[in-house]
Amino acid sequence: MTFRLAILISGRGSNMMAIHRAVLAGRLNAEITLICSDQAGAAGLQYAEEQGIPTQVIQKSSGESREEYDRRLIECLDQARPDLVVLAGFMRLLSPAFVRHYSGKLINIHPSLLPKFPGLHAQAQALAAGVKESGCTVHFVDEGCDTGPIIAQAKVPVLPGDDEDSLSERILQQEHRLYAECIEKIAQGKIKLDGKRVIGL
Ligand code: GRF
């Protein structure tokens with residue numbers, strides 16, 4: 001049985017594309033059954049359409065609460081029957097009800113070595129702190145912001161003269177490799193969430 005992925009994006013979607021390339025190359029045994037975006041203009045949607053991957057746009061309507069929006073998002077995602085919901089640059093905080101609905105089946109990638117530099121502009125935070133290395137983290141999503149149980153991390157050096165763009169690019173190359181590798185391990189049942197702990201089998 002194929003392992004089914006639903007991927008949520010808000011923008012450029014380079015992680016989503018890297019995951020798709022891993023599927024095409026046979027490095028990831030999974031099927032992307034839906035790309036869903038909260039932004040109609042997300043650049044990644046065009047790629048998904050060109051590649052024949054089903055897409056959906058779920059925009060927040062005015063006056064709609066986070067809980068109401070997330071209920072609509074769940075309805076849309078569940079139609080794609082995902083085994084794993086993959087956040088790939090999805091720029092909305094998800095409600096506790098959403099996180100509970102996909103408990104153990106919801107992962108995110110963040111451009112820092114968590115727990116350092118959660119939230120927005122993680123690369124700029126790393127530069128401002130003057131750290132010598134940074135990287136990216138794949139983690140299960142819990143109710144906090146970038147606080148969920150860590151699955152894997154990849155490190156990169158912070159080089160003299162780095163700015164936000166150069167550091168982001170170096171981290172992004174690792175993101176593209178690490179995310180597909182982690183998803184493949186989850187698909188194979190080699191990594192699981194047990195309560196608040198990640199177990200590697
Ligand atoms: C990545 O840096 C990811 O770590 C963060 O948002 C960015 C998304 O980039 N969560 P892309 O849309 O996948 O290119």
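One-based numbering, in listed order, for ligands and for the atoms of each.
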Which side-chain N or O atoms in residues 184-191 pair as donor and acceptor under 3.5 Å with protein atoms at least two apart or in another chain?
residue	atom	partner	partner atom	Å
Glu184	OE1	Asn29	N	2.8
Glu184	OE2	Asn29	ND2	3.3
Glu184	OE2	Gln188	NE2	2.5
Gln188	OE1	Lys190	NZ	2.8

Which residues satisfy the side-chain hydrogen bond (donor to acceptor under 3.5 Å, both in side chains) test with His139, sequence neighbours excluded? Asn108

Not counting sequence neighbours, which residues clear side chain to side chain contact (heavy atoms under 4.5 Å, CB included) with Pro54? List them please. Leu34

Note, Leu87 side chain near Val141 side chain (heavy atom, < 4.5 Å): yes

Flag side-chain contact, heavy atom, 4.5 Å: His101 against Asp78: yes

Flag the pair Phe117 / His110 as yes when their ring centroid distance falls below 6.0 Å, and as no otherwise. no

Could you pull out every protein residue that has a heavy atom closer than 4.0 Å to ligand 1, ordered by chain and then number? Arg12, Gly13, Ser14, Asn15, Gly89, Ile109, His110, Pro111, Glu175

